[in-house]
Each structure stands twice: as structure tokens, then as C-alpha cells.
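Scroll down for the structure; my scribbles are underneath it.
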Amino acid sequence: MAILKMENINKEFYGIKALDNVNLEVEEGEIHAIVGENGAGKSTLMNVLSGVFRYGEYEGSIIYEGKECKFNNIRDSEKLGIVIIHQELTLSPYMSAAENVFLGNEQTKNRIIDWEKTTIEARRIFEKIGLDENPETIVNTLGVGKQQLIEIAKALSKNVKLLILDEPTAALNEDDSENLLNLLLEFKKQGITSILISHKLKEVARVADRITILRDGATIETIENDEYLSEDRIIKGMVGRDIGDYYPEREHRIGEVFFEIKNWNVVNAVNNDEKIIDNINIDIRKGEVVGIAGLMGAGRTEFGMSLFGESFGKKTDGVILKDGKELDVNTVSKSIKNGLAYVTEDRKDYGLILIDSIKNNISLANFDKISNNYVLNKNEEIKIAERYRNELTIRSRDILQRLEDLSGGNQQKVILSRWILSEPDLLILDEPTRGIDVGAKREIYTIINQLAEQGKSILMISSELPELVEMCDRIYVMNEGRIVGELEGEEAIAENVMRCIMRDSKEEE
Ligand SMILES: Nc1ncnc2c1ncn2[C@@H]1O[C@H](COP(=O)(O)OP(=O)(O)OP(=O)(O)O)[C@@H](O)[C@H]1O
Ligand SMILES: [Mg+2]
């Protein structure tokens with residue numbers, strides 16, 4: 001039986017169709033995946049379903065458990081057991097885990113918040129989902145994997161029947177993703193229906209019963225996920241054509257050592273006793289793509305940020321050399337001037353000005369490039385923004401559209417454009433393809449290859465081992481703020497990277 005039917009859904013933003021007669025039918029108790037390129041309309045469709053866009057702000061009908069629903073807000077849909085976990089986590093960082101779980105749904109006794117009950121109930125749900133954490137822990141001290149589980153605990157506290165997860169594993173490492181998928185399968189046994197949006201087709205193939213493909217705001221098809229379904233088949237549905245080799249070829253022209261990082265040590269800026277980066281020594285050659293692998297919390301992002309104008313922690317020792325000469329990189333602007341760029345994984349906090357336009361965000365770090373005598377060349381600015389919008393297929397009305405109105409993946413493409421344009425000598429990429437669709441991933445790999453072919457150095461932090469292994473000439477493995485291994489050539493395979501991490505963790509015990 002269908003628990004949900006969305007019929008002929010239309011949704012426009014400023015006269016542009018984000019959803020064009022979309023139909024979706026979800027069976028009771030199934031895991032239904034929705035896939036599609038960045039900007040295809042997945043999140044928008046789920047926002048319609050959950051009442052983020054109220055009845056009247058879209059056309060079409062929502063039939064849930066046999067009744068037509070006209071939601072005015074999220075609360076209306078939650079009352080019926082429809083709960084959405086959004087693409088970007090929405091927990092309150094300074095509140096405890098338990099407070100977050102019951103936020104807006106407080107446990108009370110005589111109209112006063114009952115803290116004891118809050119803790120006990122939270123613990124009960126945590127146990128159910130295998131989250132081993134004290135409910136009183138402040139959320140921002142927890143890793144993303146645990147935060148994601150708290151979002152799920154929050155959903156369960158609301159008596160969920162239809163759980164919607166918008167890219168729940170984008171920020172999770174392999175273990176945490178695996179646990180989350182198992183949890184979905186567990187929910188399925190209990191009769192909970194799930195809708196899963198994901199760019200990770202492998203996980204879709206693993207857990208979904210059926211898959212609906214959206215392209216350009218329209219439903220393309222819904223397919224059964226059986227043993228005959230191939231990833232290529234799904235991609236073809238999403239993109240409308242074969243995309244060819246997923247990892248494009250690069251002409252390897254590796255030159256002299258370009259950048260050297262020596263004796264790099266960083267401590268926590270507040271608590272100087274806490275070591276974060278422990279004496280890292282690495283080098284990167286001209287035309288070389290060097291990867292940094294490691295588990296969540298290994299210190300990879302902290303390392304990347306500390307190189308870029310000491311944006312993280314406090315450096316206690318260390319130098320960066322370019323062509324053998326020491327660089328002054330102790331502020332972000334000096335780092336940029338000296339040829340460094342850092343593309344962050346967290347576009348909300350560090351990268352983008354969401355209320356500003358695509359055009360301005362792209363030119364932000366590049367005033368030197370597009371101005372003459374300190375006067376910004378407006379034509380040039382527009383031309384460049386248009387070029388990147390086309391090359392990276394940034395889906396938007398035009399280049400003046402505000403970033404906060406773009407889909408998650410398209411925001412990521414804007415930030416990449418900005419730093420590619422700055423033509424850095426050392427491009428530090430931190431999870432560059434997180435939340436990016438398959439077609440655009442390929443574009444990004446192509447651009448990385450082009451930069452390398454021009455003799456630039458690239459340092460790529462990624463949790464996607466296949467991506468690291470395919471793209472990098474050499475891989476450093478990090479654990480607990482240290483480099484614990486270096487793999488090159490034939491040796492640089494996923495298995496060896498994992499072995500390296502495990503071996504180091506064992507030695508520690
Ligand atoms: N608030 C908004 N204002 C204007 N346009 C919007 C708004 N929200 C979404 N859009 C546009 O609607 C289209 C669909 O966006 P949506 O976020 O649904 O894509 P998506 O499939 O979830 O993509 P992604 O995989 O990148 O998350 C995009 O072209 C986007 O720019
Ligand atoms: Mg989305």
C-alpha cells in the first residue's frame with residue numbers, strides 16, 4: 001500500500017521551475033531513495049512534503065495515509081509522523097544532546113521542564129539507536145557522526161512514521177555511514193518508512209527498495225532496486241547520458257619539490273597544552289596531487305586550516321618553503337598573496353557569504369585578478385562568473401542569484417570556482433566533492449588535473465578513499481595529528497591506507 005503519493009507537484013522560485021509536475025509514490029515500510037544531480041529538486045520536493053513550503057506555495061497534491069494534506073508548516077507534518085532531517089545539520093551547538101532531542105517538544109511536569117525525565121528519555125532513545133553518549137554532553141563537542149545520530153534521536157522522539165533523510169551520510173566516514181544505514185534497515189523492520197536522498201549510489205544500492213530519479217525538476221522514473229540494477233544505469237537516468245570514465249586521465253608531469261612543510265606543530269588556541277598537529281613534515285612537487293587520508297578527527301582539516309593563515313589553532317613551530325624559500329603565511333591574506341588557497345569542507349562557516357550573489361562570491365578572493373589599478377573591472381567579473389557557472393554547471397537563475405537560494409552541491413561549486421580562479425600554486429582541497437553529484441564530480445576532477453598539468457601543487461584531504469586513490473600521486477596517512485604513513489604508486493590502495501591507520505591505532509594502546 002502506498003503511504004505517500006505526491007501528485008503533479010509544481011514549485012517555482014522567481015518564475016523558475018524547480019519542480020515540474022513531479023510524481024512520487026512511496027510504499028509503506030520501504031526505503032525509497034531519491035537521486036538526481038545537484039539542483040535537480042530533491043530537497044525542494046522534500047520541503048514541500050514536510051511543510052517547509054506551505055500549502056499554496058506550490059501546486060499539486062500530497063496524499064498521505066490516504067488523506068489529502070495541506071500543511072501550513074513543519075509542525076503540521078510532524079503531527080502526522082513525517083519527520084525530515086535536513087541536508088545541513090540544525091542542532092543547537094551549545095545545548096546538550098538531550099536538550100536538542102527534545103527541543104520544541106520539551107518533557108514537562110506541571111508545565112516545568114523535567115530535566116530528569118529529559119535525560120532518562122534521551123538515554124532510552126540513544127540506546128535504541130546505539131549512540132553511546134552521555135545525554136548531557138554539549139553537542140558542539142561531538143563529531144558529525146554522533147550529531148547525525150542525535151538528529152535521528154530527535155526524529156524518533158516525535159513518533160516518526162515517515163523519516164526523510166536528506167544526504168545523511170555526506171559528512172560521515174565509512175563506519176558511521178555504515179551504522180546509519182544499518183539503523184535504517186532496523187527501522188524498516190519496525191515498520192518505519194524512509195525516504196533517503198543521497199549522492200552515494202553504492203549506499204543507495206545497498207539499502208533502497210526502490211529508487212526515484214529526478215532530473216531538472218522532473219520525475220524521470222522509479223526503478224526497483226534488484227540485483228540487475230547497475231550504478232551506470234542509475235547515473236544514466238540522472239544525467240541523461242553516459243558520463244564516460246568517472247576519473248578522467250591526467251598527463252603526469254611531476255617536477256621538482258615545490259612546497260615543503262617542516263616541523264609543523266599546532267596547539268589548541270585556548271588550551272595551549274593540547275597538541276593538535278604533532279610535528280608534520282611533508283613535501284609536494286610541481287604537478288603533483290598529494291592526498292591526506294585519515295579517520296574523522298585525525299586532524300586533517302585542522303592541519304589544512306593551520307597552513308592557510310593559521311586559521312586554526314596556534315602554531316608553535318614550523319615553516320612552509322616554496323621553491324626553497326620560507327613563506328610568510330601567518331594571515332589569510334598573506335597566504336593568498338603567497339599562492340595558497342584552501343577550499344573548505346564547511347561552506348557555511350568558513351567559505352561563503354550566503355546572502356551575497358554567485359558573482360560576488362566568485363570574485364571575492366580575486367580582486368587583484370579582475371581589477372586594474374584597484375578598480376574592479378565589472379565586465380571581467382561578470383564574464384568570469386558566467387564562465388564558471390557554465391563549466392561547473394552551477395544551476396541557478398543567473399549569476400546574481402544569492403547563494404542561500406542554491407542547492408547544497410551548487411554552493412560547493414561556487415566556492416571551488418573562487419579558488420580555482422585565484423590560480424594558487426598550492427591548492428588545499430578539504431573534502432572537495434562532498435555533496436556533489438557524479439557529473440559535477442567528474443568536472444571537478446578534470447579541473448584538478450588541469451591545475452596539476454599546469455605545474456601547480458595540490459593537497460587533497462578526502463574521506464572518500466576511492467577518490468584519493470584514483471586522483472593522487474601520493475598519499476600521506478594521518479592519525480591523531482601525526483603523519484603515520486606515506487604510500488605511493490602501486491602501494492597507494494585503499495586497503496593499505498586502512499591498514500596504516502589501524503596499525504598506528506594499535507601501537508598506541
Ligand atoms: N529558496 C530558493 N530560492 C530560489 N531558488 C531555489 C531555492 N531553493 C532551491 N532553489 C533552486 O531550486 C532548484 C532545486 O534545488 P534543490 O535544493 O531542491 O536541489 P537538490 O536536488 O536538493 O540539489 P543538491 O544535490 O545540490 O542538494 C535549484 O536550481 C535551486 O537553485
Ligand atoms: Mg539538496
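Treat the numbers as computed from the prediction; the structure is a model and nothing was measured.
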*Let me see the working for R215 and E37 under salt bridge (Lys or Arg N to Asp or Glu O under 4.0 Å), right down to the final yes or no.*
CA-CA 7 Å; R215 192 198 310 153; E37 292 179 284; 5.8 Å; no
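- In this structure, R253 contributes its side chain and E453 its backbone to a donor-acceptor pair below 3.5 Å.
- Open room surrounds NZ on K5; 12 or fewer heavy atoms of other groups in view lie less than 6.0 Å from it.
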_Verdict with supporting geometry, R474 and E486, salt bridge (Lys or Arg N to Asp or Glu O under 4.0 Å)_ = CA-CA 7 Å; R474 202 150 51 89; E486 181 183 348; 2.8 Å; yes
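- No donor-acceptor pair under 3.5 Å is formed between the side chain of T393 and the backbone N or O of N390.
- Put simply, the side chain of K200 gets close to the backbone of T169: a donor and an acceptor are under 3.5 Å apart.
- Judged by a 6.0 Å distance limit and a 45° cone about the ring axis, R54 is not positioned over the six-membered ring of F71.
- Open room surrounds CD on E490; 12 or fewer heavy atoms of other groups in view lie less than 6.0 Å from it.
- For Q411 (side chain) and L403 (main-chain N/O), a donor-acceptor pair under 3.5 Å exists by modelled atom type.
- Judged as a side-chain hydrogen bond (donor to acceptor under 3.5 Å, both in side chains), and not counting sequence neighbours, Y94 has no contacts.
- Formation of a donor-acceptor pair under 3.5 Å by the E431 side chain with backbone atoms of S463 is found in this model.
- Between K42 and D437 there is no salt bridge, since none of the side-chain N atoms of the basic residue sits less than 4.0 Å from a carboxylate O of the acidic one.
- Contact annotation: the side chain of M305 never approaches that of E302 to less than 4.5 Å [non-hydrogen atoms, C-beta and beyond].
- Between S407 and N410, the side chains place a donor N or O and an acceptor N or O closer than 3.5 Å (distance only, hydrogens not considered).
- The 12-atom threshold is exceeded at NZ of K322, counting heavy atoms of other residues, nucleotides or ligands nearer than 6.0 Å.
- Residue pairs that meet the ring-ring contact (aromatic ring centres under 6.0 Å, His included) test with at least one member in residues 420-474, sequence neighbours left out, are Y247-Y445.
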*Does the side-chain hydrogen bond (donor to acceptor under 3.5 Å, both in side chains) test come out yes or no for T44 and N47, once each step is laid out?*
CA-CA 5 Å; T44 305; N47 286 339; 5.5 Å; no
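- Proximity of a side-chain donor or acceptor of Q412 to a complementary backbone N or O of P432 within less than 3.5 Å is detected.
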*List the steps and the verdict of salt bridge (Lys or Arg N to Asp or Glu O under 4.0 Å) for R206 and E178.*
CA-CA 10 Å; R206 184 157 104 69; E178 190 68 16; 3.1 Å; yes
*For K456 and E288, what are the C-alpha separation, side-chain angles and deciding distance, and is it a salt bridge (Lys or Arg N to Asp or Glu O under 4.0 Å)?*
CA-CA 7 Å; K456 310 283 189 186; E288 194 180 30; over 6 Å; no
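- Salt-bridge annotation for E391 and R387: present, with a side-chain N of the basic residue lying under 4.0 Å from a carboxylate O of the acidic one.
- Counting only residues at least two apart or on different chains, no salt bridge (Lys or Arg N to Asp or Glu O under 4.0 Å) pair has a member in residues 458-470.
- Side chain of D323 to backbone of F258: no donor-acceptor contact under 3.5 angstrom is found.
- Side-chain contact annotation: S43 with D166, donor-acceptor N/O pair under 3.5 Å present.
- Close placement of the F53 and F13 rings is indicated, their centers lying within 6.0 Å of each other.
- By the side-chain hydrogen bond (donor to acceptor under 3.5 Å, both in side chains) test, D216 is found to be paired with R395, residues two or more places apart in sequence or in another chain being considered.
- Between the side chain of Q147 and the backbone N or O of L142 there is at least one donor-acceptor pair closer than 3.5 Å.
- For I320, the side chain to side chain contact (heavy atoms under 4.5 Å, CB included) partners are F259, I261, W264, L307, L327, V329, L340, not counting sequence neighbours.
- We find that K383 and E386 are not joined by a salt bridge, their nearest charged nitrogen and carboxylate oxygen being 4.0 Å or further apart.
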*Chi angles and distances behind the side-chain contact (heavy atoms from CB on, under 4.5 Å) call for I223, I213*: CA-CA 8 Å; I223 36 185; I213 299 175; 4.0 Å; yes
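- Heavy atoms only, all atoms of each residue included: S457 and I284 are closest at CB-CG2, 3.6 Å.
- For D356 against N361, the heavy-atom pair with the smallest separation is O-ND2, 3.5 Å.
- With sequence neighbours excluded, no residue forms a side-chain hydrogen bond (donor to acceptor under 3.5 Å, both in side chains) with K11.
- Between S417 and I420, the closest side-chain pair of non-hydrogen atoms is not below 4.5 Å.
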*Worked verdict on K359 versus L400 for side-chain contact (heavy atoms from CB on, under 4.5 Å)*: CA-CA 6 Å; K359 172 176 75 71; L400 299 178; 3.7 Å; yes
